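Right, one structure below, let's go through it.
Because the structure is a prediction, the values reported are computed rather than measured. So that the names make sense, note that chain A is the first sequence line, chain B the second, and so on, each numbered from 1.
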Amino acid sequence: MRRRGARNFAARLLAWYARQQRDLPWRRTRDPYRIWVSEIMLQQTRAQAVIPYYERFLSRFPTVAALAEAAESDVLAAWSGLGYYSRARNLQKAARAIVAAGGFPRDYEALRRLPGIGPYTAAAIASIAFGQPHAVLDGNVLRVLARLENDPADIASSRTRARFQQMAGRLLEPKDPAAFNQAMMELGATVCLPRAPRCLLCPVAQDCRALAAGTAEQLPVKLRPGRQERIEQTLVRVEKRGRLLLRQRPADAGRMAGFWELPAVEDLPGVRLNGALGSFRHTITRHLYVFTVRSGTLARAPRGFRWLSGAELGALPLSTAARKALRLGNFPQGFVPKL
DNA sequence: AATCCGGGGCA
DNA sequence: TGCCCAGGATT
């Protein structure tokens, strides 16, 4: 980059990546569909968390056509537990657009027009699946670059991001954009860690101005307090003849639309409450929910509710909060909520 | 430019 | 407990 030029930087990085990269399932294919699915799942989600979902999702929907033809509830059920469910809806919308267009888009601009594909994902697919010279900029790359340049700018600001995007583009090795991009992210994920970076193992330590200055652990700078809000709520598990009372969130609900969840106590006028089954915490973005779960009885299902068996639950998108609530007891028989 | 969207893993 | 994660859409 500076002292020795971008070429030598890329050479050191790529040599390291060739030896030290993790064996991840999406690195064993060049199928654009599989690359695409992996990139969507990896948005704001760690690789280790993605792996089991990735394998299951692809065995369930092996091709773009299979995904396009599926029922949305099946797609959501396969995504259930991964979070950010608009990713799954947009993935299927995009699959239908790809089928309608007659093929997978190959260039950055066309990829960028698909729902759920922003600047990062378009660059990732264009480079990894099609070898095009677009530099990715994700949380890992931002951190690596801030440290390489010892740059204290706020990475939450869009100006800083635009500047770093240019920087990444200058460093990019045009002979192998796929490996270069993945190597930058791999470095951030396994060596250039947010706290306690492993600088002794870093293949580009000689290029790093933050290491020389002793500021690596202070970088990157990210302003934005974002206070957490605490919300307490009581959920009720109402059972009748081996079935559980659940309700489906409306299709136009802002978050987790279409997901099945347990009723809160205020949703059930006339419910008779029994003992407490336990409590648990559940964080959604910046809200900390503290749920208490009680069992209750009710003669008939109120409007919008249904009685569901354990087998039926298994095939439906179930909120993670509902799963945690069901783990507190033994209902329904034989149903073990995955988590 | 600020907010919202899930959920888990880590020190 | 707070922070971060192969971000994107909406306002």
Side-chain angles (χ1 to χ4, degrees), chain A residues 21-22 24-27 35-54 76 79-91 93-94 111-125 127-128 134-144 154-162 165 168 178 180-190 192-197 217 220-230 249 253-257 259 261 280-290 317-324 338-339:
Chain A
Q21 64 172 283
R22 294 169 291 176
L24 299 172
W26 43 90
R27 290 181 178 161
I35 302 290
W36 171 43
V37 170
S38 77
E39 290 301 339
I40 301 299
M41 287 189 169
L42 286 163
Q43 289 169 5
Q44 294 299 105
T45 311
R46 293 172 195 278
Q48 289 308 318
V50 164
I51 291 173
Y53 286 89
Y54 178 78
L76 289 175
W79 205 273
S80 175
L82 248 191
Y84 285 116
Y85 297 97
S86 66
R87 293 186 296 176
R89 297 178 209 280
N90 284 332
L91 190 70
K93 277 185 206 159
L111 287 163
R112 185 66 184 75
R113 280 183 224 114
L114 291 171
I117 297 188
Y120 163 78
T121 306
I125 297 173
S127 63
I128 297 171
H134 291 274
V136 297
L137 188 66
D138 73 333
N140 290 307
V141 178
L142 280 169
R143 185 169 59 254
V144 169
D154 172 23
I155 61 165
S157 110
S158 53
R159 281 206 317 282
T160 304
R161 290 182 182 236
Q165 179 75 60
F180 180 88
N181 279 334
Q182 294 184 84
M184 287 288 279
M185 295 189 282
E186 187 80 347
L187 188 70
T190 64
C192 197
L193 303 173
R195 277 163 302 206
E217 292 207 52
V221 173
K222 188 177 200 171
L223 306 174
R224 180 173 35 172
R227 291 180 40 95
Q228 198 172 49
E229 187 182 350
R230 181 191 178 94
R249 294 177 65 84
R255 67 192 147 92
M256 304 196 66
F259 275 68
E261 62 182 4
F280 62 93
R281 329 160 54 84
H282 185 66
T283 306
I284 298 180
T285 313
R286 44 180 294 278
H287 303 287
L288 169 62
Y289 288 89
V290 181
L318 192 63
S319 73
T320 297
R323 277 200 201 102
K324 290 180 178 175
K338 63 175 178 177
L339 196 57

Extract from the structure each pairing of a protein N or O with an N or O of nucleotides 8-11 of chain C at less than 3.5 Å, listing the distance.
| residue | atom | partner | partner atom | Å |
| --- | --- | --- | --- | --- |
| C/dG8 | OP1 | A/Gly118 | N | 2.8 |
| C/dG8 | OP1 | A/Gly118 | O | 3.4 |
| C/dG8 | OP1 | A/Thr121 | N | 2.9 |
| C/dG8 | OP1 | A/Thr121 | OG1 | 2.6 |
| C/dG8 | OP2 | A/Tyr120 | N | 3.2 |
| C/dA9 | OP1 | A/Gly116 | N | 2.7 |

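- Residues passing the salt bridge (Lys or Arg N to Asp or Glu O under 4.0 Å) test with A/Arg27, sequence neighbours excluded: A/Glu186.
- Under the rule for a side chain to side chain donor-acceptor pair (under 3.5 Å), the partners of A/Thr45 that lie at least two apart in sequence or sit in another chain are A/Arg87.
- Listed by chain and residue number, nothing satisfies the salt bridge (Lys or Arg N to Asp or Glu O under 4.0 Å) test with A/Glu39 (two or more places apart in sequence, or in another chain).
- For A/Arg230, the salt bridge (Lys or Arg N to Asp or Glu O under 4.0 Å) partners two or more places apart in sequence, or in a different chain, are A/Glu232.
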The dot-bracket string of DNA chain B, counting Watson-Crick and G-U wobble pairs with both distances under 3.5 Å, using [ ] for crossing pairs and | for pairs to another strand, is |||||.|||||
Restricting both atoms to N or O, compile the protein contacts to nucleotides 2-4 of chain B shorter than 3.5 Å, with distance only.
| residue | atom | partner | partner atom | Å |
| --- | --- | --- | --- | --- |
| B/dC4 | OP2 | A/Arg286 | NH1 | 3.4 |

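- Qualifying side chain to side chain donor-acceptor pair (under 3.5 Å) partners for A/Gln44, counting only residues two or more places apart in sequence or in other chains: none.
- What separates CG of A/Leu318 from C1' of B/dG7 is a distance of 14 Å, to the nearest Å.
- A/Thr121 pairs by the side chain to side chain donor-acceptor pair (under 3.5 Å) definition with A/Gln43, not counting sequence neighbours.
- Annotation: salt bridge (Lys or Arg N to Asp or Glu O under 4.0 Å) contacts of A/Arg143 (sequence neighbours excluded): none.
- A heavy atom closer than 4.0 Å to some atom of DNA chain C occurs in A/Gln44, A/Arg46, these being the qualifying members of residues 44-51 of chain A.
- With sequence neighbours left out, A/Ser157 forms a side chain to side chain donor-acceptor pair (under 3.5 Å) with A/Thr160.
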